[in-house]
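In what follows, a single structure is set out as structure tokens and then discussed.
By convention here, the first residue in the shown sequence is residue 1.
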Amino acid sequence: MSKLPEKINSYTPILGTAKERNISTFQELYGPILSADPETLGEVFEAEPREIDPTVAARFKTRRILEGYTVPEGEKKVALGADVVFVNGKRHLKSEALGADLDMEIEETVKWYCSDSFIIHWLIAFAIETDDGLKRITVLDVEGNYHEPLKEDDVRQAFNQKINARIPLVEAGRNGKATFTVSNSYHDEKVDISQKLAELLVVDRVLPIAFMESLLNDEAIPVEGWEFVLIKLLADQNEIADYNDSTYDGTI
């Protein structure tokens with residue numbers, strides 16, 4: 001049974017990703033959902049845009065789903081897309097050509113994480129779009145404060161060019177090795193969250209239920225035909241506490 005908010009519960013939900021972990025995590029919270037790789041939908045392949053503004057790729061995913069995903073006649077679609085950009089002094093994307101400058105990137109990554117304690121950010125855009133005109137989007141800023149440098153051997157072994165941060169960095173903050181906060185992108189309101197909730201947002205790219213309700217129902221600012229929402233983070237502290245509880249382990 002679907003647990004999606006009432007505003008979109010009558011729609012056929014389609015998640016814009018082919019990543020099995022993201023899909024299964026979404027299903028755990030919200031119930032059954034369809035999914036698709038937005039790049040391969042339709043008759044023509046279209047590459048996901050490489051932009052340091054995460055809303056660009058998130059909106060690309062919802063548009064491709066609405067244009068290319070076929071549902072039975074009479075059903076209405078709601079497309080959900082998310083994208084993340086890693087911020088370490090400047091905004092970073094995953095490597096454009098895998099294998100390019102591999103040695104240089106490994107050494108740079110070791111320098112990032114193994115020299116001292118450090119603070120980094122992820123900007124995650126979450127978009128919802130329906131085929132009858134709903135267009136809502138938000139950007140959350142998850143900050144990670146790592147209290148001591150990571151071990152060089154661990155960083156070298158974990159290096160992966162397919163990851164924006166080049167290693168599974170949120171996961172490296174488990175067991176108190178880092179503290180995390182969430183805020184609306186570069187706004188004053190900032191709320192402490194657990195590593196587990198940081199992993200849900202950054203790695204799984206899934207919004208907790210109260211955040212999803214906020215994205216759909218709160219006041220928004222019109223931006224380029226979309227409605228940009230500042231999620232009411234402090235109002236949702238009870239739900240944050242639920243996800244911070246030790247019984248939630250962030251896995252399916």
Report yes or no: do Thr12 and Glu75 form a side-chain donor-acceptor pair below 3.5 Å? yes
Ring centres under 6.0 angstrom apart (His92, Trp112): yes
Compute both the distance and the angle, then confirm whether Lys3 meets the cation-pi test with Tyr30: under 6.0 Å from the six-membered ring centre, within 45 degrees of the axis. no
Could you walk me through whether Glu107 and Lys111 pass the salt bridge (charged side-chain N to carboxylate O under 4.0 Å, His left out) check? CA-CA 6 Å; Glu107 296 308 318; Lys111 184 177 180 181; over 6 Å; no
Check each of Asp83, Leu201, Val84 against Phe126 using the side-chain contact (heavy atoms from CB on, under 4.5 Å) test, and report the only one that passes. Leu201
Rounded to the nearest 0.5 Å, how far does OH of Tyr113 lie from CZ of Phe118? 6.5 Å
Kindly indicate whether the side chain of Glu129, heavy atoms from C-beta on, has any atom under 4.5 Å from the side chain of Lys77. no
Considering only NZ, NE, NH1 and NH2 on the basic side and carboxylate oxygens on the acidic side, decide whether Arg59 and Glu224 come within less than 4.0 Å. yes
Test item: Leu80 and Met212 side chains (from C-beta on) under 4.5 Å apart, heavy atoms: yes
Is there a donor-acceptor pair under 3.5 Å between the side chain of Asn145 and the backbone N or O of Thr179? no
Would you check if the side chain of Asn9 reaches a backbone N or O of Pro5 as a donor-acceptor pair within less than 3.5 Å? no
Interatomic spacing from OH in Tyr69 to CG in Leu15 - rounded to 0.5 Å: 10.5 Å
Is the closest side-chain heavy-atom distance between Val229 and Asn217 below 4.5 Å? no
May I have the step-by-step check of salt bridge (charged side-chain N to carboxylate O under 4.0 Å, His left out) for Glu46 and Arg64, ending in yes or no? CA-CA 9 Å; Glu46 185 175 346; Arg64 288 283 286 177; 3.2 Å; yes
Taking the side chain as every heavy atom from C-beta outward, state whether Glu152 and Cys114 have any atom pair closer than 4.5 Å. yes
When you compare the side chain of Lys94 with that of Ile163, does any pair of heavy atoms fall below 4.5 Å? no
Which distance, rounded to the nearest 0.5 Å, do you find between the OG of Ser214 and the CG of Asn184? 8.0 Å
Decide yes or no for Thr181 and Ile193: does some side-chain heavy atom of the first lie under 4.5 Å from some side-chain heavy atom of the second? no
Using side-chain heavy atoms (C-beta onward) and a distance below 4.5 Å, is Lys135 in contact with Glu227? no
Between the main-chain N or O of Asp37 and the side-chain N or O of Thr40, is there a donor-acceptor pair closer than 3.5 Å? yes
CG-NE2 distance between Asp116 and His147, expressed to the nearest 0.5 angstrom: 13.0 Å
Glu213 side, atom CD; Asp218 side, atom CG - distance, nearest 0.5 Å: 9.5 Å
Do Leu34 and Pro13 come close enough that some side-chain heavy atom pair is under 4.5 Å? no
Rounded to the nearest 0.5 Å, what separation is found between the OG1 atom of Thr109 and the CD atom of Glu105? 6.5 Å
Test item: side-chain donor near acceptor, Tyr11 and Asp131, under 3.5 Å: no
